[in-house]
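A short worksheet on the structure shown next.
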There are 2 protein chains.
Amino acid sequence: MTDSDAEEPTEEAIMRATYRALSTHGYPALSISKIDDEFEKSKALLYHHYDDKEDLLEHFLEYLLDQFDAELASINAEDPTENLHAVLDRLLPPDVDEEQMRFRCALLEIRSQAPHNEEFHRQFRRTDDLVLSELVSVIERGIDDGQFRDVDAGETAEFVYSTAYGVIERAATLEDAGLMARGRRALDEYVAASLLSTDDRPADC
Amino acid sequence: MTDSDAEEPTEEAIMRATYRALSTHGYPALSISKIDDEFEKSKALLYHHYDDKEDLLEHFLEYLLDQFDAELASINAEDPTENLHAVLDRLLPPDVDEEQMRFRCALLEIRSQAPHNEEFHRQFRRTDDLVLSELVSVIERGIDDGQFRDVDAGETAEFVYSTAYGVIERAATLEDAGLMARGRRALDEYVAASLLSTDDRPADC
């Protein structure tokens with residue numbers, strides 16, 4: 001096939017189909033044929049392009065991570081506190097619909113395969129490193145300009161990320177949007193109490 | 001078969017074999033036959049006892065949860081701070097070997113199936129409820145006797161559990177024991193800074 005072949009699905013179309021199939025079926029039940037089913041007009045016959053579902057998913061994870069990287073890079077809040085909340089909005093979005101919850105859960109399924117798949121492991125390690133370096137950078141900026149207390153940026157970033165991660169995992173697996181909203185609120189409170197400089201902190205501390 | 005039949009594996013033997021097979025193969029690749037392989041002397045022929053692996057795993061989750069419940073109940077520290085740390089020791093053990101990490105990861109795989117399996121969903125909801133009620137109870141006890149600040153016990157319990165959960169998930173999927181140790185230390189610091197009464201807290205607050 002050539003690029004001009006009208007039947008050739010674009011990368012984006014394949015990635016969208018993978019997203020939908022994963023959200024619907026989850027990882028263990030996913031197959032190349034189920035992703036093919038997501039193409040409305042004709043079969044994309046993806047097994048000509050990929051060895052197996054792991055091969056396709058490795059590509060999919062790379063695509064997702066590039067998108068996430070671009071999203072984080074597009075945050076251009078000058079103010080460190082605003083910037084931090086914008087990163088938290090990406091980690092724990094205030095509004096999540098059912099398909100997004102299912103998709104998050106499917107991502108967890110794939111992540112839990114990392115001990116059995118080196119490429120999955122590499123991609124999720126990259127994801128964590130990306131989030132952590134973004135958090136460290138905004139925390140350091142906040143410390144420099146006096147908005148944040150002089151905390152250990154690396155330790156605080158790890159703590160914030162693990163908490164956000166735990167909230168998503170628990171909420172997505174139990175399909176509990178309320179848990180997600182409460183978790184986000186608690187994380188915002190933690191940031192206010194532990195990170196904001198004394199002047200901006202609640203009076204009881 | 002009767003209970004006196006020497007070939008009949010005990011429930012505990014089946015559960016141990018399930019634990020080993022899950023740690024080795026993970027959830028998607030698990031089968032009744034692979035659990036059978038974990039019996040050294042003879043095949044346990046578990047497919048006579050269980051419809052499929054989901055059926056066996058539902059039973060396994062219930063068994064695990066009962067064990068976890070008994071473990072929590074066996075904590076008999078009078079002192080609320082000691083008691084809280086004992087609960088955290090169960091959630092984020094200070095020493096975890098490779099098999100235990102793999103097993104944790106397999107549990108996450110099963111948990112991520114909860115949206116597709118009502119019984120899994122029920123068991124993991126019960127697990128979360130059990131942990132949370134244990135945390136709430138020890139926090140309330142600490143507030144009552146003046147060791148802890150007058151926080152919202154429910155919100156604090158949710159926050160502590162989500163953080164512990166995020167640390168385990170990230171560490172187990174990336175097989176990173178260092179991350180687990182750092183996460184536990186950060187959680188202990190959070191408890192000291194946010195929960196302990198002003199008298200016991202670091203001087204900079």
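Reckoned from all heavy atoms, side chains included, excluding hydrogens, waters and symmetry mates. Order of the sequence lines fixes the chain letters, A, B, ..., with proteins taken first and strands second; residue numbering starts at 1 for each chain.
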Interface moiety of A:Leu179 toward chain B, non-hydrogen atoms closer than 4.5 Å: side chain
Under-4.0 Å salt bridge between A:Arg185 and B:Glu158: no
Student check: side-chain heavy atoms of A:Phe159 and B:Thr163 closer than 4.5 Å: yes
Part of A:Thr24 within contact of chain B (heavy atom distance under 4.5 Å): backbone
B:His121 versus A:Thr173, closest heavy-atom pair with distance: CD2-O, 4.1 Å
Distance-minimising heavy-atom pair for B:Tyr27 and A:Pro28: CE2-CG, 4.1 Å
Partner chain A: residue of B:Ile168, B:Asp152, B:Leu187, B:Asp128 with the largest heavy-atom pair count (under 4.5 Å): B:Asp128
Any B:Glu189 side-chain heavy atom under 4.5 Å of A:Glu155 side chain: yes
Structural part of A:His116 lying under 4.5 Å from a heavy atom of chain B: side chain
Atom group of B:Leu107 that falls short of 4.5 Å from chain A, counting heavy atoms: neither
Best-contacting candidate, A:Pro115, A:Ala114, A:Cys105, against chain B by heavy atom pairs under 4.5 angstrom: A:Pro115
Region of B:Phe120 in contact with chain A, defined by heavy-atom distances below 4.5 Å: neither
Max heavy-atom pair count under 4.5 Å with chain B, selected residue of A:Asp176, A:Thr156, A:Leu174, A:Val167: A:Leu174
A:Arg182 portion near chain B, given a 4.5 angstrom heavy-atom threshold: side chain
Side-chain heavy atoms of B:Arg170 within contact of A:Tyr161, under 4.5 Å: yes
Where at least one partner belongs to residues 94-103 of chain B, residue pairs that pass side chain to side chain donor-acceptor pair (under 3.5 Å), sequence neighbours excluded: B:Arg102-B:Glu175
Which portion of A:Glu109 sits near chain B, non-hydrogen atoms under 4.5 angstrom: both
Proximal component of A:Ala171, with respect to chain B [non-hydrogen, under 4.5 Å]: neither
Pairwise side-chain contact, A:Tyr190 with B:Tyr190, heavy-atom cut-off 4.5 Å (strictly under): yes
